[in-house]
Amino acid sequence: MAPSRGPQPLARTLHQTLKAHKGTVNVATYAKGTAKYLLSGGQDRTIRLWNPSVGTEIKAYSGHGYEVLSITISHDNSKFASSGGDRTIFLWDVTSGNTIRRIGGHLSKTNVVEFNQEATVLASGSYDATVKLWDLRAQGRQAIQSLEEAKDSIQTLHIGPTYIMTGSVDGHVRTYDLRKGELRSDFIGHPVTAVVPTKDHQSYLATTLDSHVRLMDGSTGKLLNDFKGHVNTSYRCRACFGFNEASVVCGDENGVVWAWDLLDATVLQPNPPPRVHDKVITWTEHHPIEAGEMITASADGLIKVWSHPK
Amino acid sequence: MTSRLKRKLNDLGVDTSASKANETFCLIGTPLPPLEKSRDTGEFVPLWKQEVRDEKGRRRLHGAFTGGFSAGYFNTVGSKEGWTPSTFKSSRTDRAKQKAARPEDFMDEEDLAELRDSQTLVFQNEEVDIAGRSLDVDNEQDSMSLALERALLPTPKDSPATKILMKMGWRHGQGIGPRLTWRQKKLQDAQAKSTRILTLDDLKLDPNEEDEEAQKHTYPRADTPLTVVPRKDNTHGLGYTPGLSLNDALGNDHSNPFGPQISAGFGLGALNDADEDDVDIYDPGPSSRRNLTAYETGDENSYHHSISQKSDPGPHMNASRPRNTPLQRFRNGEPVLPEFVLAGTPVTDDKWYPLEDVPPGWKPDPHRVWDEYDKENEPAAPVPIPGNKGNLTIDQRGQALGETPLPSKARSVFDYLSQKDRERLKNFVPPKSRPEEPTPIATPLSAPEKPPAPRQFVYPRIEPSAAKAALLGFKPFTSDPVKHARYTAYLKSESEVASDGDRLQLKQKPGQDLEHFQLELEEYAQAATVFKPLSGAMAGRFTTAKTVEQGPAVIEGLHTPSHGTPPTETKEPETKMEEPENAKTHAVKHGMYGVLTRETSVWVPVRLLCKRFGVKEPETEAREEDPGPSSKAHNEWEPEAASAEVELVSADSGGASSSAAVSQGTGGGDRPKPRDLDNIGLGEDETQGADILTYQRPERSIFKAIFASDEENSDDEDQAKAEDTDLQDTSVPAPSGPLAQHPKEDVQMDVDNGPVDPATFKPKFVSRAERTTDDNPPSKKRKKGKEKRKSGKALVSFDVEEDGEDTTGASKPKDKERERERERKKKQRSKDKDSRKGVDRKEKQDEEVDDDEMWVEKTVPEVVQKMNADSSPEPPKEKVETSRLSKRMRAEDFM
């Protein structure tokens, strides 16, 4: 048995390989709730629904005219939203596979979409350096609000219960606090490609293009920890927390999955980690509940499901 | 109006100038019905429609001929049966009590409300006769002031409390409490006089003096005097009497027996304060004169005291106030007005103080005084003032106490920083600009600070590190090139000492004596210490200027244009731009995330967003700010904007797919003033009829769509319809025959009126009295005419096509004149419409004839007629227009 202290070792045994996408898989995300399913979107303009445990493709949603860059799933798993190279955001019905709504308003490609917790508001961050908040309850065509503080492309976005956090290429992580009516912008210094907050919303993980993953304190903006060793200079490589937020996992541009101890920022064994993908790992996501399950999506068109050896 | 028509009307006995004859029957547009909510509540309702309702909205009057006042359940009583029926019950054990019916039992709410209203309360601020003014007439006041007082002051009323007291037997002037016996009364009086507590035994009663009769009665208590404190409306201190000299104020001088002594009279009673102005209540006279008692001094007839006092005032009062002496005169001899009394004391006491004796030979010299003050202001010797602790620092205090000073270095700003901050500041320093070693500030100063008194040449030395730093830092002598060169040479020589053991020395300038050289070197040394670059965090904040401002270089001689490129300063703004980011990037470089990398600003989430997130709106100062047009447009539905949109849509697309256009919903913000829905169709609506007047003719395609399918030549009905639809499309027959000049004149008249103001223009028709006996609208008349036309040929219809047929077949001489009149009429109609539109018309001469009997033209104002007569030359433009009018457009022309 592993020692009680410290993070569990990363799931490094290949469980399934999901291959149906042609070209880069840009995003792969677990469903909400028990997270039995997986949605992935890629360069081939399709969104695919997978069963990662079995490794079968359940459904393909096609409708996008350009690559799919972001997918967000509503809390009840009944619908999801996707965005990409076309400036419209697609709102899909999961079961029927139809688009419920198409929301247009951005001036250029939309890098990220995100539901709020009740899926009443959809936030979308775009290359036009704005975040637009859309009301899904009403059928209006205008956004509720547009956050235009960013000076460069919005790369990532997260909606918490009372805040909206955006990461931009201008090197800032901006936290819009609804309750305080306050905008806290933290300068990271390098283009921010992914922001993943902790479950207690006190700190967040910022992946930047200087091959660093930083754990920042949300309340003060101080650097809590700095994770480095991987290579990430030009692609969006999303880092995430490992199980129980005890570790930080990030796939890099060489196709290597790195894992660090959250507290002392040391690279977990094996060091250096083996290369598992041929190309850039664009998305790493740990299973929200399961301890030993993780997915990586790569530019080689594969999504790999990892688990512990049985 | 033509003279012919006028004559005709006159023959018929119609007054053309009467208002009735000028009635207008022409309405433009269809006024919208008034909105329900804006109905005038004060609208006239005929009597029989009026309803009387009470405040709860119940009908008050109903029944026979609605005049019946129905009492009972519906109006007054709470149950259907009327007043609650009460059964009379009485048993042996429980006898029915005689229930006294109160009037309130038979009152309804209104009556009760009335009753409540009638019960008025006495308010506190009501005038209450506290002093019993009504009771005893103040005899001291003369008749004049009394009369004045009565006239000015409201009649005093007794307060309710007074009334109650009076009912209980109390009278004005008495004290409150149970009545006293004679003995008790005596005791009370004695008590009032003495200072100690007395008992009845102390009272030595002389039985002889006892009045038998007096002992039989009880007496009211002595009244407690009401202390009326005069209002203090001056700025003097308490107890100060203006105009009193020091002696007077101290009471040493008793030369004025009637001065403050009057205050002894104070305390006699509130009723006795007639001379209150004279009384100084703060009079610091001998205490014996003061009345220390709370009660009045009681003598035997103290009850009558106040009245008797009033009736015969004290002797001093009489003395000080000679009354009713008409012989009084002012000082200048003028007699005093009757009923006025000369004041005994002057209004203001002018006090004259004797001038100081100026010593002989004294000269005003303010400097003497100033110098004296300066001496005081000079810093006194450091005499420790024991009470002045606040001005001492800790060190000074320690010194004064003889403490051993703490082992501390020379204090610098950094000493006051915390260790953490100092470390932080150290981290700040870019390594290259950090000096090699901390430069002690004091040491280099030691050499030049040596007293120059011996004037021995001392070569001032500075630390090599300081010299190095000074070389990098600001050069103070850049404006003087020679000095600058020497300064740098000096610094270099000083800084290179480390490599050589021996220092190079700056040589004297030729012709410079030693003393000046010394001074110069000292200056350099000082400058080097002063202008060495800042250490620590401050160093990064300053940069030396890239260029030296030396003023405009003056070139002697004639100016020859130089071919050299002027120095460009393009780099300047770039560095400026980077400035704010630099701090942050610097912080990031050093991994100093936190305060330096964080910016916090106010951000106002839209209300809807907060609602969606289930978060209360933050209360920021910026809340009032508009959240922005994009969000606002979506945020709340604005009826004004929406209505404006609808209007736009209907105006532009001619009612085509308006709903789709509305759903597109781009806020109609460019309209200057959106229409208020509440006002449409009402008098307040400024824009009423505006869209009708500014009506733009639809495109031809629309006409095509409507009329294309029909065949024009056969279907005259359609043509007429088209005429109706397109308001501009009316016909004017060309002037012909002997009457031709009349229409021409009409047209010209129209022209002379100039451009028609659409806002004020209102076409008017004058009805002919004998035919228009009823007030039917024109459409009805038309129909009537049609019917008549069908029934008999003698009458001419209003309808165009029938008229056309009629005229084609008509060759009767009788009809001819009628026809001419019709033509004229027609012309008038078209002209009228013409002017209504303000657009030029294309008219076609047709055989259409109107029913001329229906409408006659309105009288042309005399002025206009005169103008017409005078203006013989017609403007050429109008000629063109009239000629163009000769052709009438058909529906096919629009295709």
Side-chain angles (χ1 to χ4, degrees), chain A residues 105 116-123 132-149 151 159-164 170-190 206 208 210 212 214-217 219-224 226, chain B residues 424 577 580-638 641-642 662-667 669:
Chain A
N116 74 335
Q117 292 194 330
E118 278 118 31
T120 52
V121 173
L122 182 70
K132 286 188 193 294
L133 302 165
W134 309 93
D135 189 5
L136 299 185
R137 284 263 173 87
Q139 286 292 326
R141 298 172 68 89
Q142 299 282 323
I144 305 175
Q145 195 167 8
S146 180
L147 314 175
E148 289 162 358
E149 283 81 8
K151 292 172 191 73
I159 299 190
T162 59
Y163 65 89
I164 300 161
D170 64 3
H172 281 90
V173 173
R174 293 183 173 81
T175 310
Y176 298 87
D177 196 326
L178 270 93
R179 216 179 319 184
K180 273 192 196 167
E182 181 182 87
L183 162 63
R184 299 186 289 270
S185 46
D186 291 336
F187 185 63
I188 308 293
H190 303 277
T208 52
D210 61 338
H212 277 264
R214 289 183 176 86
L215 183 68
M216 309 290 292
D217 190 347
S219 54
T220 60
K222 279 184 179 156
L223 180 71
L224 297 177
D226 191 4
Chain B
R424 224 187 82 201
M577 289 287 283
E581 205 76 345
N582 268 344
K584 274 203 226 165
T585 46
H586 198 249
V588 164
K589 244 178 226 165
H590 292 270
M592 297 185 60
Y593 291 99
V595 190
L596 293 167
T597 55
R598 166 158 287 201
E599 275 175 15
T600 308
S601 57
V602 174
W603 170 68
V604 185
V606 176
R607 207 171 67 217
L608 181 64
L609 192 66
C610 292
K611 199 180 147 199
R612 290 278 180 267
F613 272 79
V615 168
K616 193 171 177 289
E617 276 179 89
E619 285 166 6
T620 53
E621 290 82 7
R623 194 80 276 251
E624 290 80 39
E625 282 175 21
D626 211 27
S630 63
S631 50
K632 197 187 173 186
H634 186 66
N635 217 357
E636 47 211 347
W637 186 78
E638 289 163 299
V662 168
S663 66
Q664 289 219 342
T666 52

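Here is the naming used below: chain letters follow the sequence lines, and residue numbers restart at 1 for every chain.
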Segment of [X] engaging chain B (4.5 angstrom heavy-atom cut-off):
X        : result
A:Ile159 : side chain
A:Asp226 : neither
A:Arg214 : side chain
A:Glu149 : side chain
A:Thr220 : backbone

Between A:Val121, A:Leu223, A:Leu133, A:Leu178, who has the most heavy-atom pairs with chain B when the cutoff is under 4.5 Å?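 If we count pairs closer than 4.5 Å to chain B, A:Leu178 comes out on top.
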Give a yes or no answer on whether the side chain of B:Arg598 reaches the backbone of A:Ser219 with a donor-acceptor pair at less than 3.5 Å.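 Indeed, once roles are kept as given, a pair shorter than 3.5 Å links the two residues.
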Can you tell me how far the [atom1] atom of [X] sits from the [atom2] atom of [Y], to the nearest 0.5 Å?
X        : Y        : atom1 : atom2 : result
A:Ile164 : B:Phe613 : CD1   : CZ    : 4.5 Å
A:Phe187 : B:Leu596 : CZ    : CG    : 12.0 Å
A:Lys180 : B:Thr600 : NZ    : OG1   : 8.0 Å

Please tell me if the side chains of A:Leu224 and B:Tyr593 come closer than 4.5 Å, counting only heavy atoms from C-beta onward. no
Closest non-hydrogen atom pair between A:Thr120 and B:Arg612, with its separation: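 In this case the closest contact between A:Thr120 and B:Arg612 is OG1-O, 3.5 Å.
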Minimum-distance pair of heavy atoms, taken over all atoms of A:Gly181 and B:Pro605: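 Closest pair (atom of A:Gly181, atom of B:Pro605, distance): CA-CD, 4.1 Å.
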